[in-house]
Enquirer: 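I'd like to ask you about the structure that follows.
Source: prediction; values computed, not measured. Order of listing sets the numbers, starting from 1, for every ligand and every atom in it.
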Amino acid sequence: MERVYIETYGCQMNFADSEVVGAILRDAGHSLAGCVEEADFVLINTCAIRDNAEQRVRHRVRELRARQGRNKRLRIGILGCMAERLQSRLMTEEDNVSFVCGPDAYRRLPQLMAQVREGQRGSEVELSTTETYADIEPVRLASNGISAYISIMRGCQNYCSYCVVPYTRGRERSRDPQTIVAEAKGLFDNGYREVTLLGQNVNSYRYDAVGFPELMAMVAEVSPLMRVRFATSHPKDLSDELLEVMARYPNICRCIHLPVQSGSNRMLKLMNRKYTVEWYLDRMASIRRHMPDCSITTDVIAGFCGETLEDHEATLELFRKVRYDYAYMFKYSQREGTYAAKHMPDDIDEAEKTRRLNEIIALQGQIALENNRTEVGREYEVLVEGESHRSKEQLFGRNSQNKVLVFDRKDAVPGTYRKVKVTDCTAATLIGELID
Ligand code: SAH
Ligand code: SF4
Ligand code: F3S
């Protein structure tokens with residue numbers, strides 16, 4: 001039996017998938033290695049969202065070649081979105097890769113690995129319309145024992161014009177809610193205090209009569225002591241019904257990640273996002289009406305096809321209006337096979353994309369710091385997660401808004417809720433003290 005090391009790149013869904021892969025391999029009799037040095041097989045779960053994500057993986061595969069020179073038994077398998085996108089082409093280009101396995105084919109991993117030991121290379125990249133791995137209890141690989149991911153749906157068919165995900169993850173499908181609630185219960189009974197429900201567009205979750213608001217209520221009812229988060233919401237489907245459910249349950253966290261992508265209606269149309277800036281601002285207003293203390297975060301793309309200075313300025317303007325607590329900010333990266341790659345020239349040069357991105361980053365940094373300064377003096381219930389990186393004498397945790405608070409340890413222990421008063425801040429962190 002093989003000793004397997006799983007390395008993960010990309011989004012939370014990939015991290016959740018690696019935990020499913022861990023379970024499939026363990027059930028097949030393999031053991032999970034703690035590091036590459038102890039492994040016979042390295043499985044790299046990859047991301048294809050931007051070119052730099054793929055380049056990182058290419059670099060890693062070439063780095064591992066040297067290790068394979070020293071350890072002749074060592075094999076490499078590529079999982080995830082890059083495997084799905086490039087298929088066997090990836091094995092031609094990287095000849096030290098033994099197999100590729102796409103996101104819907106993980107049940108075939110044990111067979112693939114056996115085949116490799118017999119000297120064959122393999123490729124399993126068929127997408128499914130039904131696979132949700134609902135019956136598999138993930139191995140909590142990266143977990144701190146307090147917070148865990150639960151995958152509630154797979155795939156995406158929104159076809160934003162820039163995005164590769166519909167091609168790497170296939171059709172949208174939802175997982176049986178009973179299995180989701182059972183997983184959440186199991187986690188709570190094992191001491192976990194926070195779950196994050198994951199999907200590319202959780203608002204369109206639907207399994208028979210259960211939509212996303214109903215599912216959120218079901219999971220929130222597992223225990224008032226268990227926090228529930230979710231990612232990601234698409235603005236076009238963010239309903240008042242969901243906001244009402246969130247407002248009703250204090251253990252559903254006051255934090256919504258709502259990727260805007262651009263502040264220009266012209267760009268949003270070209271991106272095929274199916275909402276306008278006005279619609280987005282209306283959703284913001286509704287969030288704040290239902291939950292005045294809700295934090296809001298976003299994703300944005302700088303330098304998409306044909307973006308003018310005016311469009312870019314509209315994005316900056318939207319950032320000034322909304323005042324996000326956090327933003328993931330990217331330069332547009334053309335992805336082969338997408339609508340934009342086929343029909344829209346990637347016409348903003350790299351230096352200009354960088355300039356626009358840096359402008360957004362600088363503005364957002366300033367806003368985040370200003371937002372945090374208004375937090376000084378406030379008191380929050382914090383779920384204590386662990387030791388602070390800066391000092392053994394300090395712990396860190398998060399509030400419902402998902403902001404990190406650092407404070408002197410005193411008698412606090414990870415996995416419990418404590419009251420913390422904010423005394424100071426940086427752009428990224430709140431600094432505070434225990435007050436209970
Ligand atoms: N399903 C989620 C996010 C998926 S990918 C959603 O729709 O919101 C995460 C983020 O990567 C996207 O929100 C987008 O901002 C960014 N992204 C996706 N494709 C990209 C591309 N081709 N170039 C640059 N950024 C991209
Ligand atoms: Fe990509 Fe759009 Fe689907 Fe998000 S909603 S994964 S950006 S296609
Ligand atoms: Fe990347 Fe695939 Fe997630 S492309 S962002 S790992 S769905």
Enquirer: Among all the protein's non-hydrogen atoms, which is closest to atom 7 (S) of ligand 2, and how far away is it?
Expert: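 Ranked first by proximity to atom 7 (S) of ligand 2 is Tyr162 OH, 3.4 Å.
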Enquirer: Return yes when Arg169 approaches ligand 2 closer than 4.0 angstrom through a heavy atom, no otherwise.
Expert: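 No, Arg169 has no heavy atom closer than 4.0 Å to ligand 2.
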Enquirer: Identify whether the distance between the nearest side-chain nitrogen and carboxylate oxygen of Arg65 and Glu94 falls below 4.0 Å.
Expert: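 A salt bridge is absent here (no side-chain N lies under 4.0 Å from a carboxylate O).
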Enquirer: Please list, in number order, the atoms of ligand 2 under 4.0 Å from a heavy atom of Val165.
Expert: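 Checking each atom against Val165, I get 6 (S).
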Enquirer: Does this structure show an ion pair linking Arg154 with Asp104, if we count only N-O contacts that are shorter than 4.0 Å?
Expert: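 Between Asp104 and Arg154 there is a salt bridge, with a charged N closer than 4.0 Å to a carboxylate O.
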Enquirer: Is Asp135 salt-bridged to Arg175, going by a charged N under 4.0 Å from an acidic O?
Expert: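 Salt bridge flag = no for Arg175 with Asp135.
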Enquirer: How far is atom 2 (Fe) of ligand 3 from the closest protein heavy atom, and which atom is that?
Expert: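 Result: Cys81 SG, 2.2 Å.
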Enquirer: Indicate whether any N or O donor in one side chain lies under 3.5 Å from an N or O acceptor in the other, for Asn45 and Asp17.
Expert: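 No, Asp17 and Asn45 have no side-chain donor paired with an acceptor closer than 3.5 Å.
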Enquirer: Any idea which protein heavy atom is nearest atom 1 (Fe) of ligand 2, and the distance to it?
Expert: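 The answer is Cys163 SG, 2.3 Å.
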Enquirer: Do Ser333 and Arg335 touch side chain to side chain, with heavy atoms closer than 4.5 Å?
Expert: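 The answer is yes; the side chains approach within 4.5 Å.
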Enquirer: Output the list of atoms in ligand 2 that are nearer than 4.0 Å to some heavy atom of Arg273, sorted by atom number.
Expert: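 Those atoms are 2 (Fe), 7 (S).
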Enquirer: What verdict does the side-chain contact (heavy atoms from CB on, under 4.5 Å) test give for Leu281 and Leu318, after you've listed the backbone C-alpha separation in whole Å, the side-chain angles of each residue and the deciding distance to 0.1 Å?
Expert: CA-CA 9 Å; Leu281 291 173; Leu318 181 84; 3.8 Å; yes
Enquirer: To check your reading of the model: name the closest protein heavy atom to atom 5 (S) of ligand 2, its residue, and the distance in Å.
Expert: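 Its nearest protein heavy-atom neighbour is Asn158 ND2, 3.4 Å.
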Enquirer: What atoms of ligand 2 come closer than 4.0 angstrom to any heavy atom of His234?
Expert: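 Heavy-atom distances to His234 below 4.0 Å select 5 (S).
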Enquirer: Taking the six-membered ring of Phe330 as reference, does the NZ or CZ atom of Arg50 fall below 6.0 Å from its centre and within a 45° cone about the axis?
Expert: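 Yes, cation above the ring, under 6.0 Å and within 45°.
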Enquirer: Determine, stepwise, if the pair Val195 / Met226 fulfils side-chain contact (heavy atoms from CB on, under 4.5 Å).
Expert: CA-CA 7 Å; Val195 292; Met226 187 153 76; 4.0 Å; yes
Enquirer: With respect to Asn201, determine whether any N or O atom, backbone or side chain, lies less than 3.5 Å from an N or O atom of ligand 1.
Expert: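 In fact, backbone or side chain, Asn201 has no N or O that close.
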Enquirer: Checking side-chain polar atoms at under 3.5 Å, does Tyr159 have a donor or acceptor matched by the opposite partner on Thr338?
Expert: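 No.
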Enquirer: Using side-chain heavy atoms (C-beta onward) and a distance below 4.5 Å, is Ser295 in contact with Tyr324?
Expert: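 SC-SC contact between Ser295 and Tyr324 ruled out.
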Enquirer: Please write down residue, atom name and distance for the protein heavy atom closest to atom 7 (S) of ligand 3.
Expert: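 Result for atom 7 (S) of ligand 3: Gln200 NE2, 3.1 Å.
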Enquirer: Using 2.8 Å as a strict upper limit, say whether an N, O or S atom of Cys160 approaches atom 1 (Fe) of ligand 2 that closely.
Expert: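 No, outside the cut-off.
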Enquirer: Considering non-hydrogen atoms of the protein only, which is the closest contact for atom 4 (S) of ligand 3, and what is the distance?
Expert: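 So the nearest neighbour among protein heavy atoms is Ala48 N, 3.2 Å.
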Enquirer: Below 4.0 angstrom from a heavy atom of Tyr159, which ligand 2 atoms are there? Numbered from 1 as shown, please.
Expert: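 The list of qualifying atoms is 8 (S).
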Enquirer: List ligand 2 atoms under 4.0 Å from Cys156, heavy atoms only on the residue side.
Expert: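 The atoms of ligand 2 under 4.0 Å from a heavy atom of Cys156 are 3 (Fe), 5 (S), 6 (S), 8 (S).
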Enquirer: Using a strict cut-off of 4.0 Å, indicate which atoms of ligand 3 neighbour a heavy atom of Asn14.
Expert: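 Atoms satisfying the 4.0 Å criterion: 6 (S).
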Enquirer: Against heavy atoms of Phe330, which atoms of ligand 1 measure under 4.0 Å?
Expert: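 Listed by number with element, the hits are 10 (C), 11 (O), 15 (O), 16 (C), 25 (N).
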Enquirer: So if I count the atoms of ligand 2 from 1 in the order they appear, which ones are less than 4.0 Å from some heavy atom of Pro166?
Expert: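 Ligand 2 atoms under the 4.0 Å threshold to Pro166: 8 (S).
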Enquirer: Taking the six-membered ring of Phe188, is NZ or CZ of Arg193 closer than 6.0 Å to its centre and within 45° of its axis?
Expert: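 Checked: cation-pi criterion met.
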Enquirer: Within the structure, is a non-hydrogen atom of Ile49 found at a distance of less than 4.0 Å from ligand 1?
Expert: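 So Ile49 counts as touching ligand 1.
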Enquirer: Counting from 1, what ligand 1 atoms have a heavy atom of Arg273 closer than 4.0 Å?
Expert: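 That gives atoms 7 (O) of ligand 1.
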Enquirer: With a 3.5 Å cut-off and no angle check, do the side chains of Glu37 and Tyr5 form a donor-acceptor pair?
Expert: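 No donor-acceptor contact under 3.5 Å links the two side chains.
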Enquirer: Side-chain donor-acceptor pair under 3.5 Å between Glu278 and Tyr280, yes or no?
Expert: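 No, Tyr280 and Glu278 have no side-chain donor paired with an acceptor closer than 3.5 Å.
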Enquirer: Looking only at heavy atoms of Lys331, does any of them come nearer than 4.0 Å to an atom of ligand 1?
Expert: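 For ligand 1, residue contact (heavy atoms, under 4.0 Å) with Lys331 is present.
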Enquirer: Looking only at protein heavy atoms, which one is nearest to atom 21 (C) of ligand 1, and how far off is it?
Expert: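 Looking at atom 21 (C) of ligand 1, the protein heavy atom closest to it is Ser333 O, 3.6 Å.
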Enquirer: Do the side chains of Thr298 and Tyr328 get nearer than 4.5 Å, heavy atoms only?
Expert: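 Sidechains of Thr298 and Tyr328: no contact.
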Enquirer: Distance from Leu74 atom CG to Leu64 atom CG, nearest 0.5 Å?
Expert: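 Answer rounded to 0.5 Å: 6.5 Å.
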Enquirer: Is there any N or O on Gln261 that sits under 3.5 Å from an N or O of ligand 1?
Expert: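 N/O-N/O distance under 3.5 Å: yes.
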Enquirer: At a 4.0 Å threshold, what atoms of ligand 1 neighbour a non-hydrogen atom of Tyr332?
Expert: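 Answer, ordered by atom number: 22 (N), 23 (N), 24 (C).
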Enquirer: Check for me whether Met13 has a heavy atom closer than 4.0 Å to any atom of ligand 3.
Expert: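 Checking ligand 3 against Met13, which is what was asked, there is no heavy-atom contact under 4.0 Å.
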Enquirer: Among Glu313, Met267, Arg266, whose side chain to side chain contact (heavy atoms under 4.5 Å, CB included) with Thr308 holds?
Expert: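 Passing option: Arg266.
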Enquirer: Considering both backbone and side-chain atoms of Gln334, is one of its nitrogen or oxygen atoms within less than 3.5 Å of a nitrogen or oxygen in ligand 1?
Expert: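 Checking ligand 1 against Gln334, no N or O pair falls under 3.5 Å apart.
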Enquirer: Would you check if there is a donor-acceptor pair between the side chains of Tyr106 and Glu124 at a distance under 3.5 Å?
Expert: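 There is no such pair between these side chains.
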Enquirer: Looking only at distance, does Asp299 have an N or O less than 3.5 Å from an N or O of ligand 1?
Expert: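 Between Asp299 and ligand 1 (N or O atoms, distance only) the closest approach is under 3.5 Å.
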Enquirer: How far is atom 8 (O) of ligand 1 from the closest protein heavy atom, and which atom is that?
Expert: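 Here the closest protein heavy atom is Pro259 CG, 3.0 Å.
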Enquirer: Run down the list Gln200, Met329, Arg50 and name the one with the heavy atom closest to atom 3 (C) of ligand 1.
Expert: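 Considering heavy atoms of Gln200, Met329, Arg50, the nearest to atom 3 (C) of ligand 1 sits in Gln200.
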Enquirer: How far is atom 3 (Fe) of ligand 3 from the closest protein heavy atom, and which atom is that?
Expert: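 For atom 3 (Fe) of ligand 3, the nearest protein heavy atom is Cys11 SG, 2.3 Å.
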Enquirer: Counting backbone and side-chain atoms alike, does Cys47 have an N/O/S atom under 2.8 Å from atom 1 (Fe) of ligand 3?
Expert: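 It does: Cys47 brings an N, O or S atom closer than 2.8 Å to atom 1 (Fe) of ligand 3.
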Enquirer: Just to verify, which of His234, Lys236, Lys274 counts as forming a side chain to side chain donor-acceptor pair (under 3.5 Å) with Asn158?
Expert: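 When His234, Lys236, Lys274 are each tested with Asn158, the side chain to side chain donor-acceptor pair (under 3.5 Å) holds only for Lys236.
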Enquirer: For Ile301, is the nearest heavy atom under 4.0 Å from an atom of ligand 1?
Expert: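 Within the 4.0 Å threshold, so yes.
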